[in-house]
Chemist: 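Okay, here's the structure, questions in a sec.
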Amino acid sequence: MDALSPQAKNVSFAVVGTGGAGAITAGSILLEAAGKSGWYGLLTRSVGPQIRGGEAAALVRLSTKPAACMSKEFDILVAIDWKNADRFINAMPVAAGGLIVCDPAAGDPPQAALDMDCTIVQCPIGELAKSIPGGRENMISIGLVAQLAGLPVDNIMKVVQSKLGSKGEQAVETGRACIAAGMTAASGFNHAYTLAPPIEQDGSRWLITGNEAVGLGALRGGVRFAAAYPITPATEVLEYLSPALASIGGSLVQAEDELASINMIIGASFGGLPSITATSGPGLSLMMESLGLAAASETPIVVVDVMRVGPSTGIATKSEQSDLNIAVYGFHGDADHVVVAPLSVADCLFTGQWAVHIAETLQTPVILLSDQSLGQARLLIDKPADVTFLTQRKTFIAEDEDYKRYALTADGVSPMSLPGQPGGQYTADGLTHTEKGTPSSTRRDQREQMNKRHDKINNFDYGAHWGVCEGDAASDTVILTWGSLTGAARETLDTLADEGIPARLVSLRQISPFPEEALTKALTGARRVLFVEQSHSGQFYRHVRAHIDLPFETRSLNREGPYLIGPDEIASQIRDWKNQ
Amino acid sequence: MNAPSFKASSYKSDITPIWCPGCGDFHVLMSITKALAKLGRPPEDIAVISGIGCSSRIPAYTNCYGFHGVHGRSLAVAAGLKVARPDLTVMAMSGDGDGFSIGGNHFLHACRRNIDMTYVVMDNRVYGMTKGQPSPTTEPDWDSALSPGGTGLSPFHPLVIALASGANFVAREFSGNIKACTETIFEAIKHPGFSFVEILSPCVTFRPDEKEWKNQVHEASVSETDDPARAARRIMTDDGMNTGILYRGRRKPYFASVSDRTGDLTTLEQAFEV
């Protein structure tokens, strides 16, 4: 978009500054204000390894339609300062015709910024802030962006009021003065990137991160116990759950390590409370043995893995989809279990709830594969619908004379007694066991119990939740993906449709057990299938290929993190392919 | 009102233990069931949690709710259970390998966290189930195929560690003295917070020398204390064969906030509205 162009469907901006300068707060306030005004959008953070004093940037995209991924280029970049800018400036290129606003007192822009094909405007951000008692640069930058993007100041002030109100009326007034000063300054830039009016608002907006949404989904599913060991980028799931659980009569325990957290939730679930923990790749690796215990002892638990760049410590703050293999295949022995993946930030809510439902219904561990790009993105979404699952553990009721905890049943799910129930006593065991739970090493018990656990997982009706099919149903060109990249693929469909290129999207929410029938059916009529995934080795492609025939041309767009695969890349793959 | 009365046999399952003849763990099982009978809670209100090893087979030999988990993690399972179900009497069972080696970190933090439960460790100073390797409590010169000539390492001192880490009740008993074991386990269960009972339980198969323990153990010549400094001094000069309750502390147990299970999510959901 050009300077002073007509109204746009998308406006993207970045606010950068030294960690602690308040860039993230500025971006958050602008995003929430946009939501109050009926727009959609999302915010991602780019932060360095230092907690304070490193670089920090709020990247915000505002749009008239729901947005799932960050723009490739930015219309506006406000630099409160340029400290450490060389480390991250390449991650936020300003579009041709875009605008960089920076403070001359903060020194010269880095060469990378000067090389961008955009206008650089100098604005004394620091001086403006100093001219207002108590004024802060990040509040000035809110005014700058508000003016350039045409955001209503009333709604910005409502957000400022709610954020700063507790600090007193003076703080709010100072904020108002800073924002006004920023707006006045920006009105002289002779640039504007005005967002088109919101499409009529139906229902209210929620502002939520993927990590919060998974947590809330789990609570909707009935989770009342969590064990926690901090790890980036999953910590916010646990930090959300801690006060949330306390407010509804549940409990969270901070564990000494992931070995403890997984075993604590096994214990709590054995006691009858639906239980969850959240971690990332390194923690999931530590939990594998006990996940197998949950499978063998048929103890329902949910483990959220907010995936990050691996292997080993990798890049903790960036996203990848490379834990599919460990989640599906990382158990020793044949340990049937379930792996699911949310398709968007909003879907984290649904999938979180669904995961608990499956775990409780099938008495099995469920691994939920979210990732950093979902977990730490803050999105404006439509208020989610209430979803109800008839979640219930098959419980032991009558005082059965001969209670068998691991009884062979038609659906493979056995009644589970809870401590305190007379006559229901049993010992849950990771050892091969009889129907009663007594340790056994017979061929028959091993086979019967293996079959039972396999059947309960594989014969369960997962319904329509296995995945989504979108786009032009008649098209022979399919984008096949899973989890978080669904958002980018959705946007690709829009782009291609605008160009008159028919295509469709198939995305998997159910990773294991593999939805063979449903996916095969969904791919009927496909001539070209493009696999899209954020993994160096193509884990998803190999997983699909292991389970179903692929009687069509396939290509794979797969790459390791941290550079996320975006809609443009997917679109150009499809264009090139179609042109051949 | 007549409270139902329970005998030790009320807490025993019909599964025959597969321990070696002469194993000290038979006596520990007997002491636990006797202590539970003395406590008088019905078997379904007791949960016995264990890891892996000879001693960890105990849950299946009781008529309580049991969990036989993975190696070294019994305390974590027990912690989750007790926080989720504060109404239950929760006991964790372990051995010196399970509890002090692979599960060593959980031991420290369980003492620190002070959840109201009882931890019984059957210490035979050897890995018995894997047929005779040195454990953290094995003497430095004990010869084995895995560590010929001995490990050369000083043994781990469980009672000192428990005390230093904040356990609220610390005791040592000898499995052969069933009366004392029963009494101490009963006291440990009754005492609020994390109670640790080390029971010297001979492995007659791989440590036949431990048959001599019955002649070596002796009741502690000093009485128990609630002063951790005094307990620490006493235990630091201990010959490892003193039995009895060493320390009964006054730390407040971990508070679990579980109250009801039907919380209303409305307020939580409203927080996300813009």
Side-chain angles (χ1 to χ4, degrees), chain A residues 32 35-36 204-208 212-213 216 219-220 222 224-225 227 244-251 253 255-257 259-273 275 289-290 292-293 297 380 383 417-431 437-439, chain B residues 13 15 18 42-50 52 57 59-85 87-88 90 103 105-106 108-110 112-113 115 254 256-265 267-269 272-274:
Chain A
E32 191 171 341
K36 275 196 189 299
S204 64
R205 296 272 187 286
W206 275 24
L207 184 59
I208 194 166
E212 291 165 339
L216 180 60
L219 298 179
R220 278 186 168 186
R224 292 297 179 270
F225 180 86
L245 278 166
S247 77
I248 57 168
S251 198
V253 178
E256 54 271 29
D257 54 30
L259 305 166
S261 55
I262 180 90
N263 280 285
M264 283 179 180
I265 65 171
I266 288 173
S269 177
F270 172 73
L273 288 193
S275 300
E289 183 195 19
S290 299
L293 171 66
S297 66
L380 286 164
K383 183 180 176 179
S417 61
L418 300 179
Q421 285 187 288
Q425 294 101 303
Y426 72 101
T427 292
D429 213 317
L431 282 171
T438 309
Chain B
S13 75
I15 301 172
I18 59 163
E44 63 266 21
D45 290 345
I46 318 283
V48 184
I49 314 298
S50 70
I52 294 293
R57 289 191 161 262
Y61 304 149
T62 75
N63 186 34
C64 307
Y65 278 89
F67 204 112
H68 184 203
V70 297
H71 197 22
R73 321 284 169 227
S74 64
L75 287 173
V77 175
L81 176 60
K82 181 64 186 183
V83 172
R85 291 290 305 275
D87 56 309
L88 301 172
V90 176
N105 193 34
H106 308 306
L108 303 183
H109 291 277
R112 222 186 114 220
R113 200 173 279 122
I115 292 175
Y254 184 93
S257 65
V258 171
S259 53
D260 69 84
R261 296 182 205 175
T262 52
D264 182 7
L265 301 182
T267 311
L268 289 174
E269 303 207 339
F272 292 113
E273 284 176 10
V274 173

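These numbers come from a predicted model, not from an experiment. Below, chain A is the first sequence line, B the second, and so on; all start at residue 1. Heavy atoms only: backbone and side chains are in, while hydrogens, waters and symmetry mates are out.
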Chemist: Side chains of S13(B) and N63(B): is there a donor and an acceptor less than 3.5 Å apart?
Modeler: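 The answer is no; no qualifying pair exists.
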Chemist: Is the F67(B)-Y426(A) ring centre distance short of 6.0 angstrom?
Modeler: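 Distance test on ring centres: not under 6.0 Å, no.
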Chemist: Using heavy-atom distances under 4.5 Å, tell me whether A60(B) contacts chain A through its side chain, its backbone, both, or neither.
Modeler: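 It is both, since atoms from each part get that close.
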Chemist: Would you mind telling me which of I49(B), L268(B), D45(B), I46(B) has the largest number of heavy-atom pairs within less than 4.5 Å of chain A?
Modeler: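 Sorted descending by pairs with chain A, the first entry is L268(B).
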Chemist: Quick one: of T438(A), L293(A), L380(A), who has the most non-hydrogen atom pairs under 4.5 Å with chain B?
Modeler: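 Option with the greatest count: L293(A).
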Chemist: Just so I understand: if I count every heavy-atom pair under 4.5 Å between each of T267(B), V90(B), N105(B), L108(B) and chain A, which residue has the most?
Modeler: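 The answer is N105(B).
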Chemist: Go through it in stages, so that I can follow the logic: the residues are K383(A) and E269(B), the test is salt bridge (Lys or Arg N to Asp or Glu O under 4.0 Å), and I'd like the CA-CA distance, side-chain angles, deciding distance and then a yes or no.
Modeler: CA-CA 10 Å; K383(A) 183 180 176 179; E269(B) 303 207 339; over 6 Å; no
Chemist: Could you tell me the separation between the CZ atom of R224(A) and the CG atom of L273(A), rounded to the nearest 0.5 Å?
Modeler: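 So the gap between those two atoms works out to 9.0 Å.
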Chemist: Under 4.5 Å from any heavy atom of chain B, what part of L207(A) do you find: side chain, backbone, both or neither?
Modeler: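 For L207(A), heavy atoms of backbone and side chain both lie under 4.5 Å from chain B.
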Chemist: CD/E256(A) to CZ/R112(B) distance, rounded to the nearest 0.5 angstrom?
Modeler: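 If we round to the nearest 0.5 Å, E256(A):CD and R112(B):CZ are 8.5 Å apart.
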Chemist: Could you check whether any side-chain N or O of S417(A) sits under 3.5 Å from a backbone N or O of G424(A), counting only pairs where one atom can act as donor and the other as acceptor?
Modeler: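 Indeed, once roles are kept as given, a pair shorter than 3.5 Å links the two residues.
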Chemist: Pick from L216(A), I266(A), I265(A): which one has the most heavy-atom pairs with chain B under 4.5 Å?
Modeler: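 Highest number of pairs under 4.5 Å: L216(A).
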Chemist: When only pairs under 4.5 Å are counted, which of P419(A), A260(A), S269(A), S290(A) shares the most heavy-atom pairs with chain B?
Modeler: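 The option with the most such pairs is P419(A).
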Chemist: Just so I understand: if I count every heavy-atom pair under 4.5 Å between each of G420(A), G430(A), P439(A) and chain B, which residue has the most?
Modeler: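 Option with the greatest count: G420(A).
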Chemist: Between R73(B) and H106(B), is there a side-chain donor-acceptor contact under 3.5 Å, judged purely by atom types and distance?
Modeler: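 The answer is yes; a qualifying pair exists.
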Chemist: Heavy-atom cut-off 4.5 Å, strictly under: side chain, backbone, both or neither for A227(A) against chain B?
Modeler: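 No part of A227(A) comes within 4.5 Å of chain B.
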Chemist: With only heavy atoms counted, which part of I262(A) is less than 4.5 Å from chain B, the side chain, the backbone, both or neither?
Modeler: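 For I262(A), no heavy atom lies under 4.5 Å from chain B.
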